[in-house]
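Heads up: the structure comes next, in structure tokens.
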Amino acid sequence: MKLLFVLVLSVFGVAVEAQNINTIINAKEVERIERVLAADSMQGRKVFTPGIDQAAAFISAEFAKTGLNKLKGASTYLQEFSLVKAKFISLNCSWDAVDLNRNKVIVVTSLPDLAITEKSGYTFASINAGANFFSEARKYLNASKNYIILVDSSFASSFPRLIQLKNGFFKSSGNIVFVLGLHQPAVFSLHAVHEITEQKLANVVAVIPGKTKPDEMVIFSGHYDHLGVQPNKAVNNDSIYNGANDDAAGTTAVMMLAKYFKLRNDNARTLVFAAFTAEEIGGFGSQYFSRQFNPDKVVAMFNIEMIGTESKWGKGSAYITGFEKTDMGKILQQNLAGSAFQFYPDPYPEQKLFYRSDNATLARLGVPAHTISTSKMDHEPNYHQPSDEIGTLDMNNMAEIIKAIALSSNSIISGKDTPARVDTTKIN
């Protein structure tokens with residue numbers, strides 16, 4: 001009799017779980033949120049426009065209605081930061097008493113007027129022949145230290161492209177000077193003048209503290225920015241790039257997952273819900289967000305991108321980028337045993353999606369951070385088109401995907417399962 005009672009209770013518990021999740025995550029609620037985020041009034045949610053501010057306000061209001069916490073020390077759900085753009089004005093540089101051609105020197109700085117010498121305490125480093133040039137160069141951006149990076153002459157043809165780094169970078173106390181040539185001078189002087197423009201951006205971030213493992217975090221994320229209004233790229237007189245699938249769909253999922261887990265109120269680990277800005281102009285929102293956390297404390301990241309259309313396998317399925325790099329995908333599928341839903345490995349490995357989406361910063365630091373998507377990368381006709389509107393989405397399928405993410409993440413959120421880390425020695 002006791003065994004029978006336990007079995008009945010277990011079955012009843014599953015039924016209650018299914019009933020509750022269907023009440024919270026359903027096509028009607030998906031459509032409600034999507035209709036706001038992808039509305040023409042949001043003007044395509046482009047960074048530095050009123051449209052994206054409206055979207056941030058809506059997401060914040062939904063987080064507040066759900067009763068989510070803010071980040072520690074924050075007074076709002078907005079995680080604000082600045083991007084700096086440096087317009088070159090002038091440069092003079094002497095290297096062991098020899099004037100250097102300004103084409104051989106590129107300065108990345110937040111300061112309008114920078115004057116340094118060998119006595120300024122800068123650290124020398126080098127990018128040697130055979131290195132991944134741009135990957136190595138980017139490692140020094142946003143550092144708190146001042147660097148002079150000597151670049152091997154084999155990169156002479158690529159060196160001028162470093163100027164692109166000035167078009168958008170995080171405001172930093174560190175200055176970076178790139179010099180073409182590996183000669184380290186005994187004496188030098190440099191004077192660089194720029195016109196500095198500072199632009200404000202904001203992620204929208206909320207938290208549900210963990211009950212028994214509050215120092216361990218699980219992140220759910222998507223980006224809420226898109227391409228805005230583009231009159232010169234209008235199609236059929238439509239110039240608003242609504243981004244219903246890219247990525248109002250992922251943002252909708254994050255908001256619904258937050259509500260679901262808040263109502264469950266049984267998470268052992270701390271849950272962080274993030275809507276990123278500036279994905280479309282270089283992933284700056286997720287980069288800034290990711291650098292605010294100790295990666296060793298992040299147990300898993302579920303980044304959700306473009307889940308509004310069917311995957312190549314049809315309804316009730318999605319793929320996970322970097323599936324083979326950790327065992328997180330296997331854990332998720334095990335938690336869905338007995339259901340019809342299926343997570344597949346990324347079918348587009350040649351596109352290297354694992355390191356192209358908002359999961360990439362934490363993944364490169366070893367976090368099992370993956371993107372879940374259904375986007376058919378070889379055929380997605382509405383991608384980055386004004387036709388990416390709510391009418392192209394399958395609301396019922398979206399709801400099933402969001403439910404699958406919620407249920408499959410259970411053992412990670414409860415602290416039972418901890419996914420294996422990404423092997424950072426094999427990053428490519």
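Remember, predicted model here, so these are calculated numbers, not experimental data.
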- For ring pair (Phe, Tyr, Trp, His ring centres under 6.0 Å), just list the numbers for Tyr140 and Phe178, CA-CA rounded to whole Å, side-chain angles, deciding distance to a tenth of an Å, and then say yes or no. CA-CA 10 Å; Tyr140 296 100; Phe178 294 98; 7.3 Å; no
- Item | Verdict with reasoning, Asn203 to Thr277, per side chain to side chain donor-acceptor pair (under 3.5 Å) | CA-CA 5 Å; Asn203 297 319; Thr277 187; 5.5 Å; no
Kindly compute the distance separating [atom1] ([X]) from [atom2] ([Y]), expressed to the nearest 0.5 Å.
{"X": "Gln351", "Y": "Thr321", "atom1": "CD", "atom2": "OG1", "result": "12.0 Å"}
{"X": "Leu336", "Y": "Ile405", "atom1": "CG", "atom2": "CD1", "result": "10.0 Å"}
{"X": "Ile116", "Y": "Cys93", "atom1": "CD1", "atom2": "SG", "result": "7.5 Å"}
{"X": "Asn242", "Y": "Ser41", "atom1": "CG", "atom2": "OG", "result": "9.5 Å"}
{"X": "Ser158", "Y": "Ile127", "atom1": "OG", "atom2": "CD1", "result": "11.0 Å"}
{"X": "Leu227", "Y": "Ile240", "atom1": "CG", "atom2": "CD1", "result": "13.0 Å"}

- On a heavy-atom basis, the closest approach of Met328 and Pro419 is CB-CB, 3.9 Å
- Query: So, for Ala268 and Ser414, which heavy atoms are closest and what is the spacing to 0.1 Å?
  - Reply: CB-O, 3.2 Å
Is there side-chain contact between [X] and [Y], with at least one heavy-atom pair below 4.5 Å?
{"X": "Lys312", "Y": "Tyr344", "result": "no"}
{"X": "Thr371", "Y": "Leu353", "result": "no"}
{"X": "Val272", "Y": "Phe289", "result": "yes"}
{"X": "Phe169", "Y": "Ser110", "result": "yes"}
{"X": "Leu362", "Y": "Val422", "result": "no"}
{"X": "Asn267", "Y": "Lys211", "result": "yes"}
{"X": "His194", "Y": "Pro112", "result": "no"}
{"X": "Lys65", "Y": "Lys259", "result": "no"}

- Message: Filter on salt bridge (charged side-chain N to carboxylate O under 4.0 Å, His left out), then keep only pairs touching residues 157-171, sequence neighbours left out; what's left?
- Response: Lys171-Glu198
- Message: Taking salt bridge (charged side-chain N to carboxylate O under 4.0 Å, His left out) as the cut-off, I'd like each qualifying pair that reaches into residues 66-86, sequence neighbours left out, listed once.
- Response: none
Can I get a per-line list of side-chain donor-acceptor pairs under 3.5 Å for residues 395-402, giving both atom names and the distance, sequence neighbours left out?
| from | atom 1 | to | atom 2 | distance (Å) |
| --- | --- | --- | --- | --- |
| Asn397 | OD1 | Gly316 | N | 3.0 |
| Glu400 | OE2 | Lys403 | NZ | 2.8 |

- Message: Determine whether the aromatic ring centres of residues Phe323 and Phe343 are separated by less than 6.0 angstrom.
- Response: no
- Message: Is the distance between the ring centroids of Phe273 and Phe220 under 6.0 Å?
- Response: yes
Residues which pass side chain to side chain contact (heavy atoms under 4.5 Å, CB included) with [X], listed by chain and number, not counting sequence neighbours:
{"X": "Glu216", "result": "Lys213, Arg269, Val299"}
{"X": "Ala406", "result": "Ile21, Ile25, Leu257, Tyr260, Phe261"}
{"X": "Phe170", "result": "Phe81, Leu83, Asn142, Phe284, Gln287, Tyr288, Arg291"}
{"X": "Asn146", "result": "Tyr122, Asn175"}

- Task: Would you mind checking if Glu62 and Arg32 are paired as a salt bridge, meaning a charged N to carboxylate O distance below 4.0 Å?
- Result: yes
- Message: Check whether Ser311 reaches the backbone of Trp313 with its side chain - one donor and one acceptor, N or O, closer than 3.5 Å.
- Response: yes
- Message: For Asn410, is there any backbone N or O sitting under 3.5 Å from a side-chain donor or acceptor partner on Lys416?
- Response: no
Ignoring hydrogens and angles, write down the donor-acceptor pairs under 3.5 Å from the side chains of residues 46-53, residues two or more places apart or on other chains.
| from | atom 1 | to | atom 2 | distance (Å) |
| --- | --- | --- | --- | --- |
| Thr49 | OG1 | Lys46 | O | 2.6 |
| Thr49 | OG1 | Gly51 | N | 3.4 |

- Task: For Ser286 and Thr361, run side chain to side chain donor-acceptor pair (under 3.5 Å): C-alpha distance rounded to whole Å, both residues' side-chain angles, the deciding distance at 0.1 Å, then the answer.
- Result: CA-CA 7 Å; Ser286 60; Thr361 299; 4.9 Å; no
Going by salt bridge (Lys or Arg N to Asp or Glu O under 4.0 Å), name the residues that satisfy it together with [X], two or more places apart in sequence or in a different chain.
{"X": "Asp394", "result": "Lys315"}
{"X": "Asp266", "result": "Arg264"}
{"X": "Glu389", "result": "none"}
{"X": "Glu280", "result": "none"}

- Give the C-alpha distance, both sets of side-chain angles, the deciding distance and a yes or no for side chain to side chain donor-acceptor pair (under 3.5 Å) between Ser357 and Asn303. CA-CA 8 Å; Ser357 195; Asn303 186 57; 3.2 Å; yes
